[in-house]
Amino acid sequence: MKTIMIVDDQPHVRQLVEISLRRDDWRVVAVESGEAAIVQAPAQPPDLIIMDIMMPGGMDGFQAIEALKKHPATAACPVLVLTAKSQESERRRSLELGAAGYLAKPFKLATLIAQVEELLQGTSPLS
């Protein structure tokens with residue numbers, strides 16, 4: 001069973017993504033902050049992390065991606081950025097930090113599912 005971690009501060013986004021990705025062969029874990037992700041993901045590494053960029057508090061998604069990519073337990077875990085930040089500079093920065101995919105909000109559920117499937121199969125939608 002594949003595990004997908006959703007990192008987003010907005011409960012309705014976490015719930016929408018979780019419901020959309022709920023399948024027999026996918027387990028979904030949702031957390032509300034980058035800090036929670038960098039604590040929980042190394043303890044039980046997911047197969048994919050879906051990361052928001054703009055989150056209140058001390059750590060944004062960029063910082064969380066950077067920390068996760070530096071940790072041996074999560075360094076190889078693909079990260080799909082799901083964010084309202086749709087500027088090319090934000091997309092480029094995400095890729096430079098190691099993100100494997102980038103999807104701007106609002107998003108189509110079919111597009112999200114397709115990117116998740118590609119990343120879980122080991123192919124990047126950005127390649």
Side-chain angles (χ1 to χ4, degrees):
M1 177 177 283
K2 301 281 185 174
T3 300
I4 302 166
M5 175 178 278
I6 303 162
V7 186
D8 199 301
D9 62 303
Q10 298 178 344
H12 67 280
V13 173
R14 287 193 312 268
Q15 185 178 29
L16 173 66
V17 173
E18 186 173 359
I19 289 168
S20 300
L21 298 180
R22 197 174 290 151
R23 296 183 177 193
D24 291 339
D25 57 343
W26 292 355
R27 177 177 168 258
V28 181
V29 176
V31 298
E32 62 186 37
S33 69
E35 292 91 348
I38 66 168
V39 170
Q40 291 184 30
Q44 295 183 323
D47 297 287
L48 172 67
I49 298 171
I50 299 175
M51 179 73 68
D52 187 18
I53 295 299
M54 296 186 303
M55 291 182 282
M59 178 177 284
D60 65 17
F62 293 129
Q63 294 165 318
I65 293 169
E66 190 170 22
L68 290 164
K69 290 299 181 180
K70 287 181 180 177
H71 195 288
T74 53
C77 181
V79 175
L80 172 60
V81 172
L82 181 63
T83 182
K85 294 177 110 13
S86 60
Q87 298 88 348
E88 180 58 29
S89 61
E90 306 295 338
R91 182 179 184 275
R92 192 171 35 255
R93 183 171 178 204
S94 297
L95 298 176
E96 289 169 357
L97 291 172
Y102 190 94
L103 188 59
K105 296 175 187 174
F107 58 93
K108 292 182 180 178
L109 291 176
T111 304
L112 172 65
I113 291 167
Q115 285 200 14
V116 166
E117 287 174 342
E118 289 175 10
L119 289 168
L120 288 175
Q121 292 171 6
T123 59
S124 171
L126 297 176
S127 58

Distance check, rounded to the nearest 0.5 Å: [X] atom [atom1] versus [Y] atom [atom2]?
X	Y	atom1	atom2	value
Lys85	Arg91	NZ	CZ	15.5 Å
Met5	Arg27	CE	CZ	8.5 Å
Gln15	Ile6	CD	CD1	10.5 Å
Gln40	Ser33	CD	OG	8.5 Å
Leu16	Leu21	CG	CG	9.0 Å
Glu96	Phe62	CD	CZ	10.0 Å

For this session: For side-chain contact (heavy atoms from CB on, under 4.5 Å), just list the numbers for Val116 and Ile50, CA-CA rounded to whole Å, side-chain angles, deciding distance to a tenth of an Å, and then say yes or no.
Result: CA-CA 9 Å; Val116 166; Ile50 299 175; 4.0 Å; yes

So, for [X] and [Y], which heavy atoms are closest and what is the spacing to 0.1 Å?
X	Y	result
Pro42	Thr74	N-CG2, 3.7 Å
Gly58	Glu35	N-OE2, 3.5 Å
Ile113	Ser20	CD1-O, 3.8 Å
Gly101	Leu80	C-CD1, 3.4 Å

Are [X] and [Y] packed together at the side-chain level, in the sense that at least one heavy-atom pair is separated by less than 4.5 angstrom?
X	Y	value
Lys69	Leu97	no
Asp52	Val7	no
Val17	Phe107	yes
Met51	Ile65	yes
Gln115	Tyr102	no
Met59	Ile38	yes

Exercise. Checking Gln63 side chain against Asp60 main chain: does a donor-acceptor pair fall under 3.5 Å?
Worked result: yes

Problem set entry | Exam field: side chain Asp47 to backbone Thr3, donor-acceptor pair closer than 3.5 Å | yes

For this session: In sequence, state the C-alpha distance, the side-chain angles, and the governing distance for Leu48 and Lys2, and then conclude on side-chain contact (heavy atoms from CB on, under 4.5 Å).
Result: CA-CA 8 Å; Leu48 172 67; Lys2 301 281 185 174; over 6 Å; no

Problem set entry | Carboxylate-amine/guanidinium contact Lys105 Asp8, below 4.0 Å | yes

For this session: Decide side-chain contact (heavy atoms from CB on, under 4.5 Å) for Ile19 and Arg22; before the verdict, give the C-alpha distance in whole Å, the side-chain angles of both, and the deciding distance to 0.1 Å.
Result: CA-CA 5 Å; Ile19 289 168; Arg22 197 174 290 151; 4.2 Å; yes

Problem set entry | Check against side-chain contact (heavy atoms from CB on, under 4.5 Å), Leu68 and Cys77 | CA-CA 8 Å; Leu68 290 164; Cys77 181; over 6 Å; no

Problem set entry | Residue among Ile4, Val13, Val28, Val29 satisfying side chain to side chain contact (heavy atoms under 4.5 Å, CB included) with Glu18 | Val28

Exercise. Take atom CD in Gln44; do more than 12 heavy atoms of anything else shown fall under 6.0 Å from it?
Worked result: no

